[in-house]
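See below for the structure under consideration.
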Amino acid sequence: MNFLHQDVPLAWYLLLSAALFSLGVIGFLIKRNLITVFMSIELMLNAVNLSFVTFAHQWHAVKGQIFVFFVMMVAAAEAAVGLAIIIAVFRARATLAVDRIDLMKL
Amino acid sequence: MHLILFFIFAGFCLAGAINLLLQSHPINSALSLIVVMSSLAVLYLLLGAEFLAAAQVIVYAGAIMVLFIFVVMLLNAGREDRTLGSRAASVLGLPAVVALLAVLATLFLRAQGLGSASISQGLTTTEELSKVLFHELLLPFEVTSVLILIAILGAVALARAGNGSPPPGERTAAK
């Protein structure tokens, strides 16, 4: 029963955040679909938000949570513009595979 | 209780994130991302951020993911073909990620003075949050609304057909 009432160390939340961020970076590197690459970026943003909330809890600071709110707003704007760019790219090149969108590659 | 909830939803988070990497169809990846975001909302609630938990569900799991799934269906995105990707990504990128994770993990596990979270600690109410947001941070809040407006206009301008559109032959190939 002691196990049930145990507290969770905040370091575990930070570890979870680091793991989610790393998974996002790995997804960014290995995924080959433009939309899924974009989803990995969203995953990284979410991981950073989790560490913001954790530190806000640690320092009893409301401003940390407000910062997460602003990150969410910026992420919403970013998603709208990013997906519009993806639609424009698809219209121009008729593909979503990142290997074939290589106009600016050396 | 807190510990059990943390393990359940942290597990959901990690499973969803790994599933996002493993699935090859974008719809499946999007659905697993929704799982990640909803579990993160529960974790926010466990950390006492009630407003952010609601906003996470409404903005992220709701609005943004609907946008993603809408685009996946609009563009009829199919199964992705796995390729090796760029060599720089596998030679530099992946070891760098592992190193980053290792450094962060050792830092967090060794950090002194990090407290712990229990369910008895109170929530940060929406009232407290809004008092700070609308008094001290009113200007950034209003600027954010302008940012959203600009983003909407930019999205409409970018996605509109006939704006810098390719020659007609290529456009029919896109359909």
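The basis for the numbers below is simple: all heavy atoms, side chains too, and nothing from hydrogens, waters or symmetry mates.
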If you compare all heavy atoms of [X] against all heavy atoms of [Y], which two are closest, and at what distance to 0.1 Å?
{"X": "B:Leu158", "Y": "A:Ala88", "answer": "O-CB, 3.8 Å"}
{"X": "A:Val81", "Y": "B:Ala151", "answer": "CG2-O, 3.7 Å"}
{"X": "B:Ala17", "Y": "A:Leu43", "answer": "CB-CD2, 4.0 Å"}
{"X": "A:Leu15", "Y": "B:Phe108", "answer": "N-CD1, 4.0 Å"}
{"X": "A:Leu20", "Y": "B:Cys13", "answer": "CD2-O, 3.9 Å"}

Given that the side chain runs from C-beta out, which part of [X] has a heavy atom under 4.5 Å from chain A: side chain, backbone, both or neither?
{"X": "B:Leu129", "result": "both"}
{"X": "B:Ala55", "result": "both"}
{"X": "B:Glu136", "result": "side chain"}
{"X": "B:Thr144", "result": "side chain"}
{"X": "B:Tyr60", "result": "side chain"}
{"X": "B:Leu40", "result": "side chain"}
{"X": "B:Ala63", "result": "neither"}
{"X": "B:Leu74", "result": "side chain"}
{"X": "B:Val36", "result": "side chain"}
{"X": "B:Ala96", "result": "neither"}

Measuring heavy-atom distances to chain B, does [X] have an atom under 4.5 Å in its side chain, in its backbone, in both, or in neither?
{"X": "A:Phe21", "answer": "side chain"}
{"X": "A:Leu50", "answer": "both"}
{"X": "A:Ala56", "answer": "neither"}
{"X": "A:Phe70", "answer": "side chain"}
{"X": "A:Thr54", "answer": "both"}
{"X": "A:Gln65", "answer": "both"}

May I ask you to test the [X]-[Y] pair for a side-chain heavy-atom distance under 4.5 Å?
{"X": "A:Phe90", "Y": "B:Asn76", "answer": "no"}
{"X": "B:Leu75", "Y": "A:Ile86", "answer": "yes"}
{"X": "A:Met72", "Y": "B:Ile64", "answer": "no"}
{"X": "A:Asn46", "Y": "B:Gln56", "answer": "yes"}
{"X": "A:Leu10", "Y": "B:Leu47", "answer": "yes"}
{"X": "A:Leu23", "Y": "B:Leu20", "answer": "no"}
{"X": "A:Asp7", "Y": "B:Leu3", "answer": "no"}

Next on the checklist: If you count every heavy atom of other residues, nucleotides or ligands that lies below 6.0 Å from A:Phe28 atom CZ, does the total exceed 12?
Outcome noted: no
Next on the checklist: B:Phe68 vs A:Met39, test: side chain to side chain contact (heavy atoms under 4.5 Å, CB included). Steps then yes/no.
Outcome noted: CA-CA 8 Å; B:Phe68 267 98; A:Met39 280 181 213; 3.7 Å; yes
Checklist entry - Taking the six-membered ring for Trp, are B:Phe141 and A:Phe69 parallel (under 30°), tilted (30 to 60°) or perpendicular (over 60°)? => result parallel
Checklist entry - B:Phe6 vs A:Tyr13 aromatic rings, parallel, tilted or perpendicular, using cut-offs 30° and 60°? => result perpendicular
Item to check | Residue, of B:Gly16, B:Pro140, B:Ala111, B:Gly48, that accumulates the most heavy atom pairs under 4.5 Å with chain A | outcome: B:Pro140
Checklist entry - Of all of B:Arg79, B:Met37, B:Glu128, which one pairs up most often with chain A through heavy atoms under 4.5 Å apart? => result B:Met37
Next on the checklist: With a 4.5 Å cut-off on side-chain heavy-atom distances among I, L, V, M, F, W and Y, is there a chain of contacts connecting A:Val71 to B:Leu67?
Outcome noted: yes
Next on the checklist: Counting heavy-atom pairs under 4.5 Å with chain B, which one of A:Met73, A:Lys31, A:Glu42 comes out on top?
Outcome noted: A:Lys31
Item to check | Test item: A:Arg32 side-chain N/O and B:Ser24 main-chain N/O as donor-acceptor pair under 3.5 Å | outcome: no
